[in-house]
Amino acid sequence: MKAAVLKGIEDLEIKDMPNPSPSPNEMVIKVKTCTICGTDIRVYHYGHKHINFPRITGHEVAGEIVEVGNEVKDYKKGEKVAVAPAIPCGKCFYCRRGMQSMCLNLKAIGYHYNGGFAEFMLIPEDAIQNGCVNRIPKNLSFEEASLAEPLACAINGQELSKVYLGDTVAIIGAGPLGCIHIQLAKVKGTSKIILIEISEKRIELIQKIVPIEVVINPSREDIVKRVKEETGGRGVDKIIVACSNRKAQEQALLIVSPRGIVNFFGGLPKGEPFIKFNSNLVHYGEFYVVGTHGSAPYHNELALNLISQKRIKVKELITHRLPLKKLKEGIHLAESQESLKVLIEP
Ligand SMILES: [Zn+2]
Ligand SMILES: [Zn+2]
């Protein structure tokens, strides 16, 4: 098969490799679609502590089962599936308490195991056993199913940020995840969405997909003042910082309402993970700061359902479709402001 092998930092090679062959408890899928995620860009430039090179990355994967080990009873050849990449162990302290995304023995496709930037992908036994393989609803395409993964991460994020009916929610960052968060917040019955984004290009792209009540560009106006005007002077109930930017995190802490919740959904670059804030704001405002990343298998199942019920539009997020051999180009496109989601079709 053809595979995109990451041999080291910024060293990606498209090469021929033997097709994966499943042991009795494993399966193989023909990868139909794999979308490029912010993490794939990070891993390409900086590597990752759980990745030993060489590795095939890619974790937003949908495909068709082509081989099933003798011991696998629940799936058959020809079924179309989306794979939740984060595989919990099912046995540790957190798994037993239903917090699979915090699993102490978490393994991930595209990190510990080879991922979807290849023609075929092995689905390991622990992924099958722990509910990571979801059948794609009949009305969904493979590309829509690939996008269940980022939606699953957004669902986990809004669960922990307690986004509820009637809330005012601010999303900082109009990348693909910002756009998914906006739609999800609307599904949850929030009363007002405020989008904060610097790039006019991104604002334009996103407004074509989903109407947004309030858009603030912090390079043009004072965001604290404007947010006060939009929220009766109170601040925003729930804030999702959906970008990897120190300043955005600091700004979020200035516009959150008393007893509100700020979610640092995007991680900061490895070299500069520190932010500066007035801790008295927390003291007097009694607000909460959470962070989230990743998701549990049930979030992926829920994500597929929401997409299938047309509650969240994901197809519209795909701005570019490329063959596997153009993955490197795809990574550069995905990190530019010109794109939202870049899809690879191996
Ligand atoms: Zn992802
Ligand atoms: Zn566990």
Side-chain angles (χ1 to χ4, degrees), residues 4 6 31 33-46 48 50-51 55-63 82-117 121 124-132 134 142-158 173 175-181 184 240 242-244 265-267 291-300 302-304 307 312 314 317-318 320 327 330-331 333-335 339-344:
L6 192 60
V31 178
T33 55
C34 186
T35 34
I36 299 178
C37 173
T39 342
D40 295 314
I41 300 170
R42 240 182 213 242
V43 164
Y44 175 74
H45 291 301
Y46 307 107
H48 191 280
H50 294 312
I51 292 183
R55 175 63 70 220
I56 301 169
T57 61
H59 62 268
E60 300 181 352
V61 193
V83 187
I87 307 166
C89 74
K91 300 184 183 98
C92 73
F93 179 93
Y94 292 103
C95 282
R96 278 186 280 121
R97 284 158 183 77
M99 296 178 264
Q100 286 92 343
S101 62
M102 287 292 106
C103 172
L104 296 168
N105 310 304
L106 201 71
K107 295 232 170 69
I109 286 173
Y111 295 78
H112 306 82
Y113 299 111
N114 278 336
F117 293 137
M121 186 180 92
E125 181 181 355
D126 50 358
I128 300 171
Q129 301 272 321
N130 288 293
C132 297
N134 291 306
F142 287 110
E143 56 186 41
E144 288 169 300
S146 267
L147 287 162
E149 198 278 330
L151 174 56
C153 297
I155 294 172
N156 181 42
Q158 293 202 15
L177 267 151
C179 189
I180 288 173
H181 270 299
L184 183 61
I240 313 278
C243 57
S244 304
F265 185 84
T292 57
H293 74 280
S295 59
Y298 83 92
H299 292 128
N300 282 264
L302 181 54
L304 281 170
I307 301 169
I312 310 263
V314 291
L317 289 172
I318 301 167
H320 299 81
L327 176 59
I331 290 172
L333 254 172
E335 60 193 337
S339 69
L340 284 170
K341 265 306 196 185
V342 180
L343 177 93
I344 299 295

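Note that ligands are numbered from 1 as they come in the structure, with each ligand's atoms numbered from 1 the same way.
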Thr35 side-chain N/O to Leu147 backbone N/O, donor-acceptor pair under 3.5 Å:
no
Would the distance check show the side chain of Asn130 and the main-chain N or O of Pro88 forming a donor-acceptor pair, the cut-off being under 3.5 Å?
yes
Among N, O or S atoms, Glu60 approaches the Zn ion (ligand 1) most closely through OE2
His181 and Phe265 aromatic ring geometry - parallel, tilted or perpendicular at 30°/60° bounds:
perpendicular
2.8 Å cut-off met by an N, O or S atom of Glu149 to the Zn ion (ligand 1)
yes
Please confirm if an N, O or S atom belonging to Cys153, backbone or side chain, lies less than 2.8 Å from the Zn ion (ligand 1).
no
Please calculate the SG(Cys89)-the Zn ion (ligand 2)-SG(Cys95) angle and round it to 10 degrees.
120°
Partner of Tyr111 by side chain to side chain contact (heavy atoms under 4.5 Å, CB included), out of Ile87, Ile51, Leu106, Thr57
Ile51
